[in-house]
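Worth knowing before you read on, the calculation uses all heavy atoms, side chains too, and leaves out hydrogens, waters and symmetry mates. The model shown is predicted, which means the values in this text are computed figures rather than measured ones.
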Amino acid sequence: MNYRKYIPHLFIVTLAIILTISCANSYNGQSDEEEKTTIQKKSKEDYTIINTWKMPEILNEVSGISWISENTIACVEDEDGIIFIYDLKKEKVIQEITFAGSGDYEGIAINDKDAYVMRSDGLIYEVSRFRESEPEITTFQTAFTARNNIETLTLDAEKNSLVVTPKDRDQNDDFKGLYYITLDAKTMDEKPLLRIDMNDKAFKDYKKKKAYRTFSPSDVAIHPVTGDYYVLEGKNPKLAILDSDGTIKKVYKLDKDHFAQPEGITFSPDGKLFISNEARKDEATIVEVVFK
């Protein structure tokens with residue numbers, strides 16, 4: 001048999017096999033890269049997203065976040081009474097602390113060894129020594145009810161107080177107040193320290209027929225350096241920044257491609273800003289973002 005005539009065919013078959021294996025390896029490498037939890041920079045005109053962390057399925061309904069310490073953030077989701085400790089460096093939940101049963105839990109604030117969680121009807125859970133094996137759990141009621149639909153909670157360390165604002169109705173439909181709750185007495189001032197004016201010119205592009213629907217806060221945080229209030233909305237994603245006397249400095253519209261439903265906001269002590277997003281078409285996320 002004359003084998004020489006088959007040599008070109010053997011060469012072509014061998015080359016095809018090599019190319020197929022090479023393409024397969026290339027594809028697998030691309031897939032592995034896409035599956036990484038952390039995604040790098042994305043920019044818009046008003047902000048730059050520095051990092052994005054994809055949340056595990058158990059945090060699809062992530063509704064509130066609060067900075068704990070280097071690389072760790074406390075999270076709550078709006079179905080189960082559990083505090084999840086998420087490690088940004090390890091990119092995973094490293095601890096779960098159960099403090100209550102099922103409920104609509106919306107905001108969380110950390111004060112040293114103690115955690116505070118807001119339920120949407122205005123009930124606050126105090127979880128003392130929350131990371132120890134047997135935390136002490138107590139509750140206290142604010143002046144708010146389910147009618148107000150409270151989703152916000154943050155700590156003002158200088159005033160040793162918690163800060164909340166209604167998502168829906170306040171005492172008057174023309175404003176949403178920032179109310180202070182002292183941690184010593186666990187009482188809330190009847191009058192807000194500041195008012196977010198629903199008729200402010202900063203909201204002219206978002207004005208609704210019913211004034212209280214113009215801006216619906218989903219969380220609030222205080223910048224550790226400037227003292228400005230950063231008030232987030234998840235329904236129609238936006239961020240309002242107020243100075244310490246309540247003047248609205250700017251309102252940012254947030255792109256739903258980056259902020260599907262922003263529900264939580266927190267700062268690190270050096271001023272890094274983190275926002276959490278509930279899952280919609282894609283996974284829930286925490287993003288580190290810089291506003292311009």
Side-chain angles (χ1 to χ4, degrees), residues 53-69 72-88 90 92-155 161-168 179 181 183 186-188 216-221 232 234-235 260-266 274-280 283-286:
W53 291 267
K54 293 181 180 179
M55 294 294 98
E57 187 175 351
I58 198 169
L59 282 171
N60 274 351
E61 300 295 322
V62 59
S63 55
I65 58 175
S66 184
W67 183 264
I68 299 177
S69 60
T72 54
I73 286 179
C75 311
V76 290
E77 50 89 33
D78 62 9
E79 294 181 355
D80 300 302
I82 302 172
I83 299 172
F84 299 88
I85 310 302
Y86 186 83
D87 190 304
L88 298 172
K90 295 179 180 178
K92 65 179 183 179
V93 173
I94 59 172
Q95 188 179 0
E96 297 182 19
I97 301 109
T98 300
F99 64 88
S102 297
D104 188 12
Y105 306 104
E106 295 291 350
I108 183 168
I110 303 298
N111 182 26
D112 194 18
K113 296 181 179 180
D114 302 330
Y116 298 86
V117 179
M118 173 64 78
R119 203 168 69 182
S120 61
D121 60 359
L123 183 71
I124 294 178
Y125 288 79
E126 180 179 25
V127 189
S128 302
R129 306 180 308 280
F130 72 106
R131 300 197 69 178
E132 296 182 9
S133 57
E134 295 184 2
E136 180 183 348
I137 302 164
T138 56
T139 63
F140 56 96
Q141 181 67 46
T142 66
F144 294 117
T145 67
R147 172 183 178 273
N148 307 107
N149 193 11
I150 307 298
E151 294 193 354
T152 56
L153 190 68
T154 196
L155 174 73
S161 298
L162 299 172
V163 184
V164 301
T165 183
K167 178 181 179 180
D168 292 342
Y179 295 84
I181 303 166
L183 289 178
K186 306 291 193 302
T187 57
M188 188 179 90
S216 303
S218 59
D219 206 3
V220 60
L232 189 66
K235 184 184 293 185
Q261 186 164 332
E263 294 286 336
I265 186 169
T266 192
F274 299 86
I275 293 176
S276 62
N277 296 279
E278 288 190 6
R280 284 296 172 261
E283 298 95 334
T285 61
I286 290 176

Which residues pass the salt bridge (charged side-chain N to carboxylate O under 4.0 Å, His left out) test with [X], not counting sequence neighbours?
X: E283; value: none
X: E61; value: none
X: K235; value: none
X: D80; value: none

Evaluate the side-chain proximity of [Y] to [X]: yes if any heavy-atom separation is below 4.5 Å, no if none is.
X: L183; Y: L155; result: yes
X: P166; Y: I150; result: yes
X: P56; Y: K92; result: no

To check you understand the geometry: which heavy-atom pair defines the closest contact between [X] and [Y], and what is its length?
X: P135; Y: E132; answer: CD-O, 3.4 Å
X: W67; Y: I73; answer: CE3-CG1, 3.8 Å
X: P262; Y: S218; answer: O-OG, 3.0 Å

Please round to the nearest 0.5 Å and tell me the distance separating atom [atom1] of [X] and atom [atom2] of [Y].
X: I65; Y: L59; atom1: CD1; atom2: CG; value: 11.0 Å
X: C75; Y: I58; atom1: SG; atom2: CD1; value: 11.0 Å
X: D219; Y: I275; atom1: CG; atom2: CD1; value: 9.5 Å
X: I97; Y: I82; atom1: CD1; atom2: CD1; value: 10.0 Å
X: T139; Y: R119; atom1: OG1; atom2: CZ; value: 8.0 Å
X: M188; Y: F140; atom1: CE; atom2: CZ; value: 11.0 Å

Could I get the full list of side chain to side chain contact (heavy atoms under 4.5 Å, CB included) partners for [X], not counting sequence neighbours?
X: T285; answer: T52, N277, V287
X: A260; answer: R280
X: I137; answer: F99, Y125, V127
X: Q141; answer: L123

Residue pairs involving residues 142-152 (criterion side-chain hydrogen bond (donor to acceptor under 3.5 Å, both in side chains); sequence neighbours excluded):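 Qualifying pairs: N149-D168, E151-K167.
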How far apart are the C-alpha atoms of V76 and I83, what are their side-chain angles, what is the distance that settles it, and do they pass the side chain to side chain contact (heavy atoms under 4.5 Å, CB included) test? CA-CA 5 Å; V76 290; I83 299 172; 4.3 Å; yes
Under 3.5 Å, which donor-acceptor pairs link side chains of residues 104-115 to any protein atom two or more places apart or in another chain?
| unit_1 | atom_1 | unit_2 | atom_2 | d |
| --- | --- | --- | --- | --- |
| D104 | OD2 | S120 | OG | 2.9 |
| Y105 | OH | G101 | O | 2.8 |
| D114 | OD1 | R129 | N | 3.0 |

Residue among V164, V163, T187, L153 satisfying side-chain contact (heavy atoms from CB on, under 4.5 Å) with I181: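 It is V164; the other options fail the test.
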When you measure from the side chain of S63 to the backbone of E263, do you find a donor-acceptor pair of N or O atoms at a distance under 3.5 Å?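 Pair absent, no side-chain N/O of S63 close to backbone of E263.
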Would you check, one step at a time, whether the test side chain to side chain contact (heavy atoms under 4.5 Å, CB included) holds for I68 with R131? CA-CA 11 Å; I68 299 177; R131 300 197 69 178; 4.3 Å; yes
Excluding sequence neighbours, so at least two apart, what forms side-chain hydrogen bond (donor to acceptor under 3.5 Å, both in side chains) with T72?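 Partners of T72 under the side-chain hydrogen bond (donor to acceptor under 3.5 Å, both in side chains) test: S69.
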Got a sec, which residues hit ring pair (Phe, Tyr, Trp, His ring centres under 6.0 Å) with Y179, two or more places apart in sequence or on another chain?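 If we apply the ring pair (Phe, Tyr, Trp, His ring centres under 6.0 Å) test to Y179, skipping adjacent residues, the hits are F144.
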